Amino acid sequence: MSSDRIARWIRPAVRALSAYHVPPASGLIKLDAMENPYPWPTELQREWLAQMPSVALNRYPDPQSTALKSQLRAVMAVPEAMPMVLGNGSDELIQLIAMAVSGPDRVMLAPEPTFVMYRMIAEFTGMRFVGVPLQEDFDLDRNAMLAAIDQHQPAVVFLAYPNNPTGNLFDRGTIDLIISRSPGLVVVDEAYHAFAGTTYMDQIGRQDNLVVMRTLSKMGLAGLRLGLMAGPASWMEEFEKIRLPYNINSLTQMSAEFALRHSAVFDEQTSEIRAQRGTLFDALKAMPGVRPFPSHANFILFRVPSGRGVAVFDGLKRRGILIKNLHRDGSPLADCLRVTVGTPAENQQFLAALRAEVG
Ligand SMILES: *Cc1c(COP(=O)(O)O)cnc(C)c1O
């Protein structure tokens, strides 16, 4: 029986996992995955396509992504002395960090609720995950975080800044304390930097255990799969050893470098999304029974009347709108849903559907 072989050989930690579920979205207005809703201007698409023939697909890609890295350094203001490691999305970088520090007695620590991949990657790389509950306002619980760090001596702490799925920025004083109190690495994950207006990028190098992670996904290039981390050379050199040499393919290198040369286009799109976030927040706030939480990202977490979370989510889907259901019985996110900021038209359709569901 193949199931016997599975039970014998697949590690228990892997068998216990469920795969990351991506719900089918065909025919639906897709507001579940923090994608930028805007395509490239036609002229830019043409210029990009014109470059395609210059990509030598018969050759391996540049293993160092040299040209792309210098473009990233300029656009993301990565300090000159701080090396970068690139990943096939920042998901791969989280995995790479975990693989470098993992062990049965090793701990990955993060506040919760947060980005679910931290816990999942800790589990399948054979680490222990410690989640420290956020306060009711979704900010860090300073005393609980520091106590957990003292007790568990985590190899790595992940702080999403802003946090997903809550959308807020954690208190910087508390983050600074966490960095100085941590025996291991602290990763500030700035996936939503384009919408946040604040960063730790200019802090790397000041403490020897701080790494900042970014991604091109949420600013408008989710399909390319490109993430980066930057930090002290001593850490980056170790991570670089276990990065697979050709993890950033030639088309991604060419396309990302091209896109970053036209970063003004993405700045314009993301500033439009930030403006729409404000409009959407105000409309949610004005809706009886709905409580939105302030966001520095391109999504808004909101709570619907008690016991209605799943029904509202299902109702929206029947009306053609896909958002994210975060409800779990008894969790801090009970009856909470998360909507990505879309185009003004998409946001209006979402609001009309929500009004019909909670009204
Ligand atoms: C979406 C997200 C990521 C993953 O981004 P990719 O680069 O697309 O893999 C990482 N961290 C947080 C907090 C996210 O929300």
Side-chain angles (χ1 to χ4, degrees), residues 19-23 30-37 65 68 72 75-76 84-99 108-122 124 129 131 134 138 140 156-170 175 185-196 198-201 211-230 239 243-244 247-249 252-253 255-256 259-260 266 270 273 277 293 295-301 323-324 326 333 336 338-341:
Y20 186 84
H21 176 64
V22 179
K30 195 172 184 316
L31 299 174
D32 67 326
M34 282 77 92
E35 292 147 328
N36 173 339
S65 302
L68 172 56
L72 282 166
V75 172
M76 303 254 172
M84 286 177 265
V85 175
L86 306 192
N88 194 313
S90 43
D91 285 349
E92 191 188 40
L93 295 173
I94 301 165
Q95 179 184 349
L96 212 136
I97 293 167
M99 285 192 302
M108 178 194 290
L109 186 142
E112 279 192 310
T114 191
F115 187 46
V116 293
M117 290 306 292
Y118 303 148
R119 178 186 279 276
M120 188 166 170
I121 287 171
F124 72 63
F129 183 87
L134 290 170
F138 298 135
L140 294 166
V156 58
V157 176
F158 277 97
L159 299 171
Y161 184 79
N163 190 37
N164 172 13
T166 56
N168 58 310
L169 289 162
F170 297 139
I175 294 180
L185 188 66
V186 176
V187 181
V188 175
D189 177 353
E190 299 189 339
Y192 299 96
H193 172 258
F195 313 97
T198 178
T199 182
Y200 270 82
M201 190 63 94
V211 162
V212 166
M213 199 163 72
R214 297 267 183 95
T215 172
L216 300 192
S217 295
K218 312 299 161 58
M219 62 168 255
L221 299 166
L224 282 186
R225 308 304 298 130
L226 186 74
L228 67 133
M229 59 176 156
F239 297 140
R243 181 183 64 81
L244 297 177
N247 64 330
I248 312 299
N249 72 71
T252 294
Q253 289 189 36
S255 304
L260 291 168
F266 298 91
T270 52
I273 292 166
R277 173 182 70 198
F293 296 93
S295 170
H296 284 84
N298 63 339
F299 59 84
I300 297 176
L301 181 77
I323 62 170
K324 177 82 176 176
L326 292 157
L333 298 180
C336 283
R338 184 191 69 199
V339 62
T340 304
V341 180

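Note: hydrogens, waters and symmetry copies are ignored here, and every other heavy atom, side chains too, is used. Indexing begins at 1, ligand by ligand and atom by atom, following the structure's order. Keep in mind that what you see is a predicted model, and the values were worked out from it rather than measured.
For T340 (side chain) and M34 (main-chain N/O), a donor-acceptor pair under 3.5 Å exists by modelled atom type. With N164 contributing its side chain and P113 its backbone, the two residues share no donor-acceptor pair below 3.5 Å.
Under 4.0 Å is where a charged nitrogen must lie from a carboxylate oxygen, and between R225 and D91 at least one such pair does.
Nearest heavy-atom pair, G220 versus N36, reported as atom, atom and distance to 0.1 Å: CA-CB, 3.4 Å.
Below 30°, between 30° and 60°, or above 60°: for Y118 and F115 the angle between ring planes is above 60°, a perpendicular geometry.
In this structure, a donor-acceptor pair under 3.5 Å is present between the side chains of T199 and R214.
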Could you list each nitrogen or oxygen of ligand 1 that sits under 3.5 Å from a protein nitrogen or oxygen, with the atom names and the distance?
residue	atom	partner	partner atom	Å
ligand 1	5 (O)	S90	OG	3.1
ligand 1	7 (O)	S90	N	2.7
ligand 1	7 (O)	S90	OG	2.9
ligand 1	7 (O)	T215	OG1	2.6
ligand 1	7 (O)	S217	OG	3.4
ligand 1	8 (O)	S217	OG	2.6
ligand 1	8 (O)	R225	NH1	2.7
ligand 1	9 (O)	S90	N	3.2
ligand 1	9 (O)	D91	N	3.0
ligand 1	9 (O)	D91	OD1	3.3
ligand 1	9 (O)	D91	OD2	3.4
ligand 1	9 (O)	R225	NH2	2.9
ligand 1	11 (N)	D189	OD1	3.4
ligand 1	11 (N)	D189	OD2	2.6
ligand 1	15 (O)	N164	ND2	2.9
ligand 1	15 (O)	Y192	OH	2.6
ligand 1	15 (O)	K218	NZ	3.1

